[in-house]
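Heads up, the thing below is written out as structure tokens.
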Amino acid sequence: VLRLLARNLWQPPRTEPVPAVEPGDVDSLVQRLEIASRRRLGRSLAIRQVDSGSCNACELEIHALNNPLYDLERFGLSFVASPRHADVLLVTGSVTTSMREALLASWQAAPDPKWVVAMGHCAIDGGLFAGSYAVVGGVHTVIPVDLVIPGCPPRPVDILAGLLQLITCESTPT
Ligand code: SF4
């Protein structure tokens with residue numbers, strides 16, 4: 001037991017090093033996003049993530065937004081459990097035939113005005129899975145898209161920058 005204790009005390013962490021992103025940059029980005037959403041909506045931004053057929057790597061990057069480095073919720077920005085409470089539908093993955101109806105139903109359930117963000121190459125145009133018999137295509141083939149965030153998968157800072165761009169641009173949500 002003592003040997004195990006000593007090893008655990010002196011052994012460096014086995015996790016990957018923190019990504020080369022300055023915490024100050026992340027803070028400033030999240031703060032600007034929160035200020036912009038309060039100015040635009042009068043409150044914090046509520047995001048509903050919809051997986052329309054992804055490989056789940058895009059979801060891992062979204063999950064990272066809630067880890068201690070990014071900690072999105074400390075500024076009030078939150079992921080909500082239902083599209084009925086959402087300002088933004090953050091859609092990942094190429095739209096599969098079996099998810100087409102669910103994506104459409106989520107969009108119809110979200111209150112107006114609402115934004116749709118297609119996150120990752122798959123959501124933009126089908127990506128790796130375009131042309132498959134099981135795939136309808138990009139998100140735009142089912143519902144209107146307001147912003148695309150390219151990448152496979154996009155980094156958490158890219159997602160934050162995309163949301164900031166969405167909320168500060170002049171276009172009216174659909
Ligand atoms: S864009 Fe890349 S990471 Fe995201 S769902 Fe498609 S294959 Fe996976």
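Please read all numbers here as calculations on a predicted model, not as lab measurements. For the single chain, residues carry numbers from 1 onward in sequence order.
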Euclidean distance, Arg7 CZ relative to Leu5 CG, rounded to 0.5 Å: 11.0 Å

Just by distance, do the side chain of Asp125 and the backbone of Gly138 share a donor-acceptor pair under 3.5 Å? no

Does Arg48 reach the main-chain N or O of Phe79 with its side chain, forming a donor-acceptor pair under 3.5 Å? no

Side-chain contact test, heavy atoms from C-beta onward, threshold under 4.5 Å: evaluate it for Leu103 versus Arg100 and give yes or no. no

Value rounded to 0.5 Å, distance of CG in Leu104 from CE in Met99: 11.5 Å

Counting distance only, does the side-chain N/O of Lys114 pair as donor-acceptor with the main-chain N or O of Trp107 below 3.5 Å? yes

Apply the test side chain to side chain contact (heavy atoms under 4.5 Å, CB included) to residues Leu160 and Leu72: give CA-CA distance (whole Å), side-chain angles for both, the deciding distance (0.1 Å), then the verdict. CA-CA 9 Å; Leu160 287 177; Leu72 202 67; 3.3 Å; yes

Heavy-atom donor-acceptor pair, Asn8 side chain to Gln11 backbone, under 3.5 Å: no

Of all heavy-atom pairs linking Thr97 and Tyr133, the shortest is CG2-O, 4.1 Å

What closest approach, in Å, do Cys58 and Met119 show between heavy atoms, and which atom pair accounts for it? O-CE, 3.5 Å

Would you say His121 and Pro150 make side-chain contact, with heavy atoms under 4.5 Å? yes

Compare every heavy atom of Glu61 with every heavy atom of Arg155, then report the nearest pair and how far apart it is. CA-OE1, 4.0 Å

Donor-acceptor pair, side chain of Ser52 and main chain of Gly93, under 3.5 angstrom: yes

Is there a side chain to side chain contact (heavy atoms under 4.5 Å, CB included) between Val139 and Val50 once you walk through the steps? CA-CA 11 Å; Val139 174; Val50 181; over 6 Å; no

Ser78 side-chain N/O to Val80 backbone N/O, donor-acceptor pair under 3.5 Å: no

Here the gap from Leu128 atom CG to Cys55 atom SG, rounded to the nearest 0.5 Å, amounts to 8.0 Å

Going from CG on Asp87 to CG on Asp112, what distance comes out if it is rounded to the nearest 0.5 angstrom? 11.5 Å

Donor-acceptor under 3.5 Å (Asn66 side chain, His63 main chain): no

Without swapping roles, check the side chain of Ser54 against the backbone of Asp51 for a donor-acceptor pair under 3.5 Å. no

Does the side chain of Tyr70 reach to within under 4.5 Å of the side chain of Val157, using non-hydrogen atoms? yes

Any side-chain heavy-atom pair of Val88 and Leu166 under 4.5 Å: yes

Walk me through it: do Leu90 and Ile62 pass the test side chain to side chain contact (heavy atoms under 4.5 Å, CB included)? CA-CA 10 Å; Leu90 183 60; Ile62 294 172; 3.8 Å; yes

Mind checking whether Val145 and Leu147 have side chains closer than 4.5 Å, heavy atoms only? no

CD1/Ile47 to CG/Leu163 distance, rounded to the nearest 0.5 angstrom? 5.0 Å

Report whether Ile35 and Ile159 are members of the same hydrophobic cluster (ILVMFWY, side-chain heavy atoms less than 4.5 Å apart, transitive linking). no

What is the minimum heavy-atom distance between Pro111 and Ala86, and which atoms define it? CD-O, 3.7 Å

Just wondering, do Val95 and Val135 contact through their side chains at under 4.5 Å, heavy atoms? no

Take Asp146 and Val117, measure what side chain to side chain contact (heavy atoms under 4.5 Å, CB included) needs, and give me the verdict at the end. CA-CA 6 Å; Asp146 300 288; Val117 177; 6.0 Å; no

Can you tell if the side chain of Ile149 reaches within under 4.5 Å of the side chain of Ile124, non-hydrogen atoms only? no

